[in-house]
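Following: one structure in structure tokens, then a few remarks.
Quick note on labels: first sequence line is chain A, next is B, and so on, each numbered from 1. Quick caveat, the model's predicted, so the values are computed rather than measured.
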Amino acid sequence: MLDIRLVREQPDFVKSRLALRGGGDEAKVDELLRMDAERRKAETALQALNAERKKLSKEVGGKRSRGEDSTALEERVREIGDEIASLSEQTTIADEKERDLLLQIPNLPHAAAPIGDNPSANRVMREWGKKPEIADALDHVVIGTRLKLFDLERAAKLGGSGFICFTGTGARLERALIQFMLDLHTREHGYFEISPPFLVRRDCMIGTTQLPKFEADMYGLEPDASGRNQLFLAPTAEVPVTNFHREEILRADELPKKFVAYTPCFRREAGSAGRETRGIIRVHQFDKVELVKITAPENSYAELESLTADAERILQLLGLHYRAIELCTGDLGFGSAKTYDLEVWSPGQKAYLEASSCSNFEDFQARRMNLRFKDANGKNRFCHTLNASGLALPRLFAALIECGQQPGGSVRLPEILLPYFGAPEIG
RNA sequence: GGUGAGGUGGCUGAGUGGUCGAAAGCAGCGCUUUGCUAAAGCGCCGUACCCUAAAAGGGUACCGAGGGUUCGAAUCCCUCCCUCACCGCCA
């Protein structure tokens with residue numbers, strides 16, 4: 001959520017920044033400012049009436065205790081009460097409209113972000129390793145099916161299309177990768193492990209920006225009888241973990257907070273079938289190890305660099321070729337000011353697959369979830385929040401078995417997985 | 001799921017219709033006393049929003065959330081959420 005004061009004071013700056021995203025959101029700014037002015041006007045009038053009622057009510061109390069007649073005064077206060085009722089309704093409506101609009105407007109891109117409205121404007125920051133040379137490389141669907149690492153047909157019997165069912169050594173490899181990543185991040189990178197609820201409340205989904213705008217992409221349960229308290233299947237551990245400290249005021253010396261969590265992730269993403277969705281690349285449920293940081297504003301960009309490095313380390317230790325790109329303004333997620341994607345090389349698809357997205361949301365999420373810290377001057381300020389996949393499992397799994405494929409049909413695994421998987425190769 | 005007890009400021013905890021944004025204590029900050037420590041005394045010490053661009057100042061709201069009763073609600077009523085205890089059920 002943008003700071004309404006910034007929007008009020010520098011509307012042209014805000015509009016020009018929003019325009020860089022190419023989503024047309026700058027058009028909402030004028031409407032927002034109208035709602036803001038309307039709300040404040042109603043609020044000021046309401047406060048004047050409240051002050052009047054407060055004063056007169058006390059006079060009623062005084063008269064009564066002295067045994068004096070107060071009926072005329074009471075009648076006057078009753079009238080004010082009626083005015084207050086209608087004005088406060090107006091105020092509430094204006095306030096809700098303003099907030100709804102504010103929730104619909106995305107974050108401002110970082111000043112240095114590459115400008116562009118499609119992925120071709122993304123900036124390649126660096127590449128690591130090199131593409132393995134594999135003659136007639138098979139893709140992960142062929143390899144995985146042949147070695148019975150997963151069973152997509154039977155998965156469709158269980159969950160429908162767009163689900164994976166890992167089987168046998170495939171399931172074991174999945175488990176090994178999770179364990180490997182959690183161990184690395186907790187033992188060597190200093191992250192605190194959390195195993196959170198997979199179902200989260202609406203407020204949390206709003207806090208991390210999945211709602212209200214992307215409700216159609218989310219799995220939601222039935223609301224309860226009151227119509228509130230609806231639960232959603234978390235589309236990423238970002239939701240429960242970033243919201244862990246929602247509505248809290250943290251001490252400055254606790255920052256940065258570094259969390260790692262393994263969770264399944266549930267996404268509707270009614271994407272079309274095709275190459276993009278082949279095999280296990282895009283599915284409705286997948287496993288992910290997620291990194292989250294809560295930082296002071298001054299340090300968030302330095303923390304983004306180390307966060308990205310922590311995620312990259314997984315790929316490096318597994319010996320997988322990847323590149324890091326910085327997303328252009330048009331490709332940036334709704335809440336993000338700056339994002340690096342890590343793309344791992346898929347020999348089977350001869351393409352880079354997004355395996356991690358590392359973002360700094362600045363105070364955009366913190367403002368929505370009212371997550372603050374007390375700074376050195378004792379002032380409460382919004383924290384900055386960041387997250388990175390560290391990493392998403394299916395794409396990592398796919399790259400791993402494609403890169404490890406041997407002429408004889410087996411798959412060789414990186415040495416570092418040996419203690420986790422228990423064997424140097426599959427098949 | 002059932003029954004009961006609760007939810008008040010950073011913490012403890014008083015407050016059952018009016019002058020209560022809220023006693024008191026603890027913690028914290030400042031000052032005085034002091035060789036240092038300790039102790040004592042005095043003062044300050046919630047958040048958000050509005051007037052307002054900021055400061056000073058003023059105002060409004062907030063006692064789990066939402067609604068209601070009333071001239072007036074932390075206080076009375078209703079619904080919901082959460083916590084604790086016991087019972088039931090269950091991996």
Side-chain angles (χ1 to χ4, degrees), chain A residues 1-14 32-99 101-102 195 197-207 221-232 240 243-254 363 366-383:
Chain A
M1 187 158 78
L2 296 179
D3 182 355
I4 186 62
R5 286 200 196 118
L6 176 71
V7 181
R8 218 184 272 155
E9 287 160 21
Q10 302 185 54
D12 293 332
F13 167 75
V14 170
L32 174 63
L33 289 172
R34 270 199 306 280
M35 292 317 309
D36 182 53
E38 196 173 305
R39 186 206 102 227
R40 284 188 295 157
K41 194 177 148 205
E43 202 168 311
T44 304
L46 177 64
Q47 287 182 2
L49 282 177
N50 267 324
E52 181 75 1
R53 171 166 76 176
K54 204 170 170 180
K55 193 175 121 226
L56 295 184
S57 286
K58 281 182 184 175
E59 284 177 29
V60 171
K63 276 184 188 287
R64 284 198 178 189
S65 65
R66 291 191 300 272
E68 298 169 12
D69 176 62
S70 61
T71 48
L73 208 47
E74 283 176 36
E75 183 51 36
R76 174 67 193 130
V77 179
R78 197 195 311 272
E79 284 166 22
I80 293 174
D82 292 342
E83 289 176 58
I84 285 174
S86 85
L87 241 183
S88 86
E89 197 180 333
Q90 277 180 46
T91 308
T92 305
I93 290 169
D95 191 64
E96 279 170 2
K97 279 191 189 165
E98 183 180 0
R99 184 175 166 83
L101 257 173
L102 221 35
S195 181
F198 303 156
L199 296 177
V200 292
R201 312 226 268 177
R202 181 169 218 106
D203 284 347
C204 293
M205 295 284 278
I206 291 172
L221 275 57
E222 285 292 307
D224 69 6
S226 70
R228 290 186 305 245
N229 312 311
Q230 185 181 13
L231 291 172
F232 292 83
N243 279 284
F244 188 73
H245 288 294
R246 81 189 326 270
E247 279 155 48
E248 292 185 29
I249 299 172
L250 303 173
R251 296 194 320 269
D253 64 16
E254 300 179 89
D363 63 7
R367 200 178 292 283
R368 288 177 166 227
M369 60 179 77
N370 204 17
L371 167 59
R372 293 171 294 175
F373 75 104
K374 203 172 273 293
D375 72 11
N377 301 317
K379 198 168 172 328
N380 295 335
R381 294 162 63 201
F382 290 110
C383 301

Exercise. Which value, in whole Å, describes the distance between the C1' atoms of nucleotides B/C51 and B/G25?
Worked result: 37 Å
Exercise. Rounded to whole angstroms, how far apart are NZ on A/K55 and C1' on B/G58?
Worked result: 15 Å
Problem set entry | Whole-angstrom distance between B/G9 and B/A14, as gauged at atom P | 13 Å
For this session: Write down the distance separating the P atoms in B/C29 and B/C84, rounded off to the nearest Å.
Result: 33 Å
Problem set entry | Close side-chain approach of A/E79 and A/R76, heavy atoms under 4.5 Å | yes
For this session: State plainly whether the residues A/R251 and A/D253 are in salt-bridge range, i.e. N to O under 4.0 Å.
Result: yes
For this session: Using the salt bridge (charged side-chain N to carboxylate O under 4.0 Å, His left out) rule, take A/K379 and A/D375 through it: C-alpha gap first, then chi angles, then the decisive distance, then the call.
Result: CA-CA 5 Å; A/K379 198 168 172 328; A/D375 72 11; over 6 Å; no
Exercise. What integer number of Å spans the C1' atoms of B/C45 and B/C31?
Worked result: 15 Å
Problem set entry | Separation of atom NZ in A/K54 from atom P in B/G58, rounded to whole Å | 14 Å
Seminar exercise, completed: Quick note, A/T44 side chain, CB onward, closest among B/A53, B/C51, B/G59 is B/C51
For this session: Indicate the atoms forming the closest heavy-atom contact of A/Q230 with A/L221, along with that distance.
Result: NE2-O, 2.7 Å
Problem set entry | Pairwise P distance for B/A24 and B/G35, with rounding to whole Å | 33 Å
Problem set entry | Between CG on residue A/L56 and CD1 on residue A/I80, distance to nearest 0.5 Å | 5.0 Å
Problem set entry | A/E247 CD to B/G9 P, straight-line distance once rounded to whole Å | 14 Å
Under 3.5 Å between N/O atoms: give me all the protein pairs with nucleotides 46-49 of chain B, atom names plus distance.
residue	atom	partner	partner atom	Å
B/U47	O3'	A/R372	NH1	3.2
B/A48	OP1	A/R372	NH1	3.2
B/C49	O3'	A/R39	NH2	3.0
B/C49	O2'	A/E43	OE2	2.2

Exercise. According to the side-chain hydrogen bond (donor to acceptor under 3.5 Å, both in side chains) rule, which pairs have a member within residues 61-71 of chain A, sequence neighbours left out?
Worked result: A/R64-A/E74, A/R66-A/E68, A/D69-A/T71, A/S70-A/E74
For this session: Could you tell me the separation between the CG atom of A/D203 and the P atom of B/G64, rounded to a whole number of Å?
Result: 18 Å
Between the protein and nucleotides 71-74 of chain B, which nitrogen or oxygen pairs are less than 3.5 angstrom apart?
residue	atom	partner	partner atom	Å
B/C71	OP1	A/R78	NH1	3.3
B/C71	OP2	A/R78	NH1	2.9
B/C71	N4	A/R64	NH1	2.6
B/C71	N4	A/R64	NH2	3.4
B/G72	O4'	A/S57	OG	3.2

Exercise. Expressed as a whole number of Å, how far does the P atom of B/C26 sit from that of B/A39?
Worked result: 12 Å
Exercise. A/D95 has an atom CG; how far is it from atom P of B/C62, in whole Å?
Worked result: 14 Å
For this session: Using a strict cut-off of less than 4.0 Å between a Lys/Arg side-chain nitrogen and an Asp/Glu carboxylate oxygen, indicate whether A/E96 and A/R99 qualify as a salt bridge.
Result: no
For this session: Could you tell me whether the side chain of A/I4 reaches within less than 4.5 Å of the side chain of A/L32, counting heavy atoms only?
Result: yes
Exercise. Name the stems with RNA chain B in them: runs of three or more consecutive Watson-Crick or G-U pairs, distances under 3.5 Å?
Worked result: B:1-7 with B:81-87, B:10-12 with B:24-26, B:28-32 with B:40-44, B:46-51 with B:57-62, B:64-68 with B:76-80
Problem set entry | Separation of atom NZ in A/K379 from atom P in B/A55, rounded to whole Å | 9 Å
Problem set entry | Rounded distance in Å between the C1' positions of B/A73 and B/C63 | 11 Å
For this session: Looking only at non-hydrogen atoms, find the nearest pair between A/N243 and A/M369 and report the distance.
Result: OD1-CE, 3.5 Å
Exercise. Is there a donor-acceptor pair closer than 3.5 Å between any side-chain N or O of A/R8 and the backbone N or O of A/D36?
Worked result: no
For this session: Strictly below 4.0 Å, heavy-atom distances to any atom of RNA chain B: list the hits from residues 85-94 of chain A, or just say none.
Result: none
Problem set entry | Qualifying salt bridge (charged side-chain N to carboxylate O under 4.0 Å, His left out) pairs with a residue from residues 49-60 of chain A, counting only residues at least two apart or across chains | none
Exercise. How many Å lie between CZ on A/R246 and P on B/C81, as a whole number?
Worked result: 18 Å
Exercise. Say you draw a straight line from CG of A/D95 to CD of A/E98; how long is it, rounded to the nearest 0.5 Å?
Worked result: 6.5 Å
Exercise. Can you name the closest pair of heavy atoms from A/A94 and A/R39 and give their distance?
Worked result: CB-CA, 3.8 Å
Problem set entry | Short N-O contact, A/E38 and A/K41, less than 4.0 angstrom | no
For this session: Would you mind reporting whether A/L371 and A/E247 have side-chain heavy atoms less than 4.5 Å apart?
Result: no
Exercise. Can you tell me how far C1' in B/G7 sits from the matching atom in B/G64, rounded to whole Å?
Worked result: 6 Å
